[in-house]
2 protein chains.
Amino acid sequence: MSATLREVAERAGVSVRTVSNVVSGFALVAPETRARVQRALDELSYRPNAAARHLRGGRSGLVALVVPELSTPYFGELAGRFADEADARSLMLLVQQTGGDPDRERELLDGVRGQVVDGLIMSPWALSPAELRRRPGGAPLVLLGEQDADGLLDHVVADNVAAARDMTRHLLGLGRTRIAVIGLQPHLHNATAARRLEGYRQALAEAGLTPDPAREVAVRRLHRADGAAAMRGLLDAGTPVDAVFCFSDQLALGALHAATERGLRVPADLAVAGFDDVEDGRYANPPLTTIAPDKAAIVTAALDCLAARLDRTTGPGRPDEPAEPRTIVVGHRLEVRASTRGPSSSR
Amino acid sequence: MSATLREVAERAGVSVRTVSNVVSGFALVAPETRARVQRALDELSYRPNAAARHLRGGRSGLVALVVPELSTPYFGELAGRFADEADARSLMLLVQQTGGDPDRERELLDGVRGQVVDGLIMSPWALSPAELRRRPGGAPLVLLGEQDADGLLDHVVADNVAAARDMTRHLLGLGRTRIAVIGLQPHLHNATAARRLEGYRQALAEAGLTPDPAREVAVRRLHRADGAAAMRGLLDAGTPVDAVFCFSDQLALGALHAATERGLRVPADLAVAGFDDVEDGRYANPPLTTIAPDKAAIVTAALDCLAARLDRTTGPGRPDEPAEPRTIVVGHRLEVRASTRGPSSSR
DNA sequence: ATGAAAGCGCTAACAC
DNA sequence: GTGTTAGCGCTTTCAT
């Protein structure tokens, strides 16, 4: 057990008040006293007790990051960035996984195991907007990704419609006209896939093409296996396809795998594109064309947003008047790589 | 802010003591009283205050997982498993990243920001065994991976010598005799690479082959880029190579990329193998042969080990006599896939 | 079976 | 500039 403030005070021959002042560096302390206290602090290798500070101050310095799956490269990368940025802001990151389970999402939302965290950043998957809004827990919440709850809760999001339109235009520009999409998730409340589908259809319409339901494939999850299965399904059905735009890099990597397995040449026979820009995609064979959302901005915006809420909860000012919920849109970039770059084979 | 115990007590017309008993379900409470208290609890939607419990009880229920990099698939997967298993044990997981920075490792070891956690599980990278042992912080520690500190600290590890020997034998069994290894890390204190090198050399010796220093390649980090650079270096130097065994799947994926880029056929011209069994490897083109450590066992063993320490710190029993440090060896499996399966081309 | 009260370590309002 | 002290919400010993 570490030394307490009182022990340090006794040793230095001062009161706890003075030691506390030295530790927090707040009030003025006589230089000589400060030196004496500092020595006692060092000798006893004092560490402030986090529990006491939390109890007293009402802030734990903990922020929860709630994601569907940490093993997914996208969320792994994001979590890593959040951990670093939280650290830079003297916050600690509590990571929680939901596995896409609605009950688990609800449970975490209600209060991460006994009100330990000051606030939470969540990437919901299965919860409806209504459920997201009704939260007994009370800690400030920032949402990641499209939620159909725009304007009612703080959230950080990429312009999925525009991004999907950009990608589809790129594929059309390559001369591909039978473009399939893989990644619809009609069973989820998460609106991301719906927005991307919308962007895709917009681009088709611009080019005077009619969307073909057979080329819009739903998946249950966003793993490689799902992408591979979807690709095989497309091929088995005999649907003519010269490009696939997958709604995640994982799906695209799976689709690439399945296409290669069936002897298709990518990109000659089939162009393959993803979404997320995870490292795997850069080193895929061939490297994967993708949409790169500005991840650094996502992390910064989410933490800024949360920090603002925390300040008005604990900090000075009018805590009654709830701040207007903010929607922050981060940028994205089309990253063209070899999986779509080559010419289409004549057919 | 949630209701306090005293508010509930007032409402139910009993003392805080009784409410506390109902909440913790510990002591005997008259059924009728219990019902009344329970109702008050529900009406006020009481949630125990974690800070107060922590201050009083000395346990926060938080466990830190300290890894070099969360964005690495291996650690991402592991972190995900830890999050789930911690949850099953009513613990919360605090995730910290070191980026392989020794200062950061030291800092986290010294006390994860003010003694918030009950214990920590760490995968050290750059810290020497001596530094790992001298810890002012005091919270129980379990190490992940080889550390050269065997027997002095609790740690969970795979049999890296045996695993590397298994893989090398597999490659030799395929008729490959010019086997290179990529992944030495002489600049680190982490002993993992050294052990794998040892297993590789043992297998070569068994086959009557002499290790060639030109075929033992060091890397700075374990990313795909490092594997690709190492592979290119090998090829540029003109060292004859018919197989590469990389000490991580990431390195192997990079090597695969570089080899393909240079027009080599895998596995015909070059067999490529990795270590870790991350999902990327299964969907690589071709799928990657690898060593699959028993990740579930790593997670279970590490948490069991930590739980045992926690019990003797806070729980009953003789807290003075420090338990014998434990070294737990988890199993591994050779996972043969297409990247080594095919026949070597005649040359 | 239940109540009263001490005290975990810290911060800050109130004295001087 | 520094000392004294109340109290954050909870658990638990000591009474009854």
In short, side chain to side chain donor-acceptor pair (under 3.5 Å) pairs touching residues 26-43 of chain B with sequence neighbours left out are R11(B)-E43(B), Q38(B)-D42(B)
Hey, does T33(B) reach any base, or is it just sugar-phosphate, or nothing, if we go heavy atoms under 4.0 Å? sugar-phosphate
To the nearest angstrom, the CZ-C1' distance between R53(B) and dT12(D) comes to 14 Å
Side-chain contact check for A52(A): nearest option of dT2(D), dG9(C), dC10(D) is dG9(C)
Taken to the nearest whole Å, CD/E10(B) to C1'/dG3(C) is 14 Å
Nucleotides 3-7 of chain D: which of its N/O atoms have a protein N/O under 3.5 Å away?
{"unit_1": "dG3(D)", "atom_1": "OP2", "unit_2": "S15(A)", "atom_2": "N", "d": "2.7"}
{"unit_1": "dG3(D)", "atom_1": "OP2", "unit_2": "S15(A)", "atom_2": "OG", "d": "3.0"}
{"unit_1": "dG3(D)", "atom_1": "OP2", "unit_2": "T18(A)", "atom_2": "OG1", "d": "2.7"}
{"unit_1": "dG3(D)", "atom_1": "O6", "unit_2": "R17(A)", "atom_2": "NH1", "d": "2.7"}
{"unit_1": "dG7(D)", "atom_1": "N2", "unit_2": "R56(A)", "atom_2": "NE", "d": "3.4"}
{"unit_1": "dG7(D)", "atom_1": "N2", "unit_2": "R56(A)", "atom_2": "NH1", "d": "3.4"}

Salt bridge (charged side-chain N to carboxylate O under 4.0 Å, His left out) filter on E77(B), not counting sequence neighbours, yields K295(B)
From CG of L55(A) across to P of dC8(C) the rounded distance in Å is 13 Å
Sorted by chain and residue number, the side chain to side chain donor-acceptor pair (under 3.5 Å) partners of D304(A) (sequence neighbours excluded) come out as R89(A)
- Salt-bridge test for R106(A) and D103(A): reply yes if a basic N is under 4.0 Å from a carboxylate O, no otherwise. yes
Separation of dA4(C) atom P from N21(B) atom CG, nearest Å, is 14 Å
Residues at least two apart in sequence or cross-chain that pass salt bridge (charged side-chain N to carboxylate O under 4.0 Å, His left out) with E10(B), listed by chain then number, are R6(B)
N49(A) CG to dG7(C) P, in whole Å, measures 18 Å
In V66(B), L65(B), L70(B), the residue satisfying side-chain contact (heavy atoms from CB on, under 4.5 Å) with Q97(B) is L70(B)
Checking dT2(D), dC10(C), dC10(D) against the side chain of Y46(B) (C-beta onward), the nearest is dC10(D)
Taken to the nearest whole Å, CZ/R36(A) to P/dG1(D) is 15 Å
The side chain to side chain donor-acceptor pair (under 3.5 Å) partners of S60(A) (sequence neighbours excluded) come to D118(A)
Rounded to whole Å, the CG-P distance (L5(B) to dC10(D)) equals 5 Å
Here the distance between atom P of dG9(C) and atom CZ of R47(A), to the nearest Å, is 16 Å
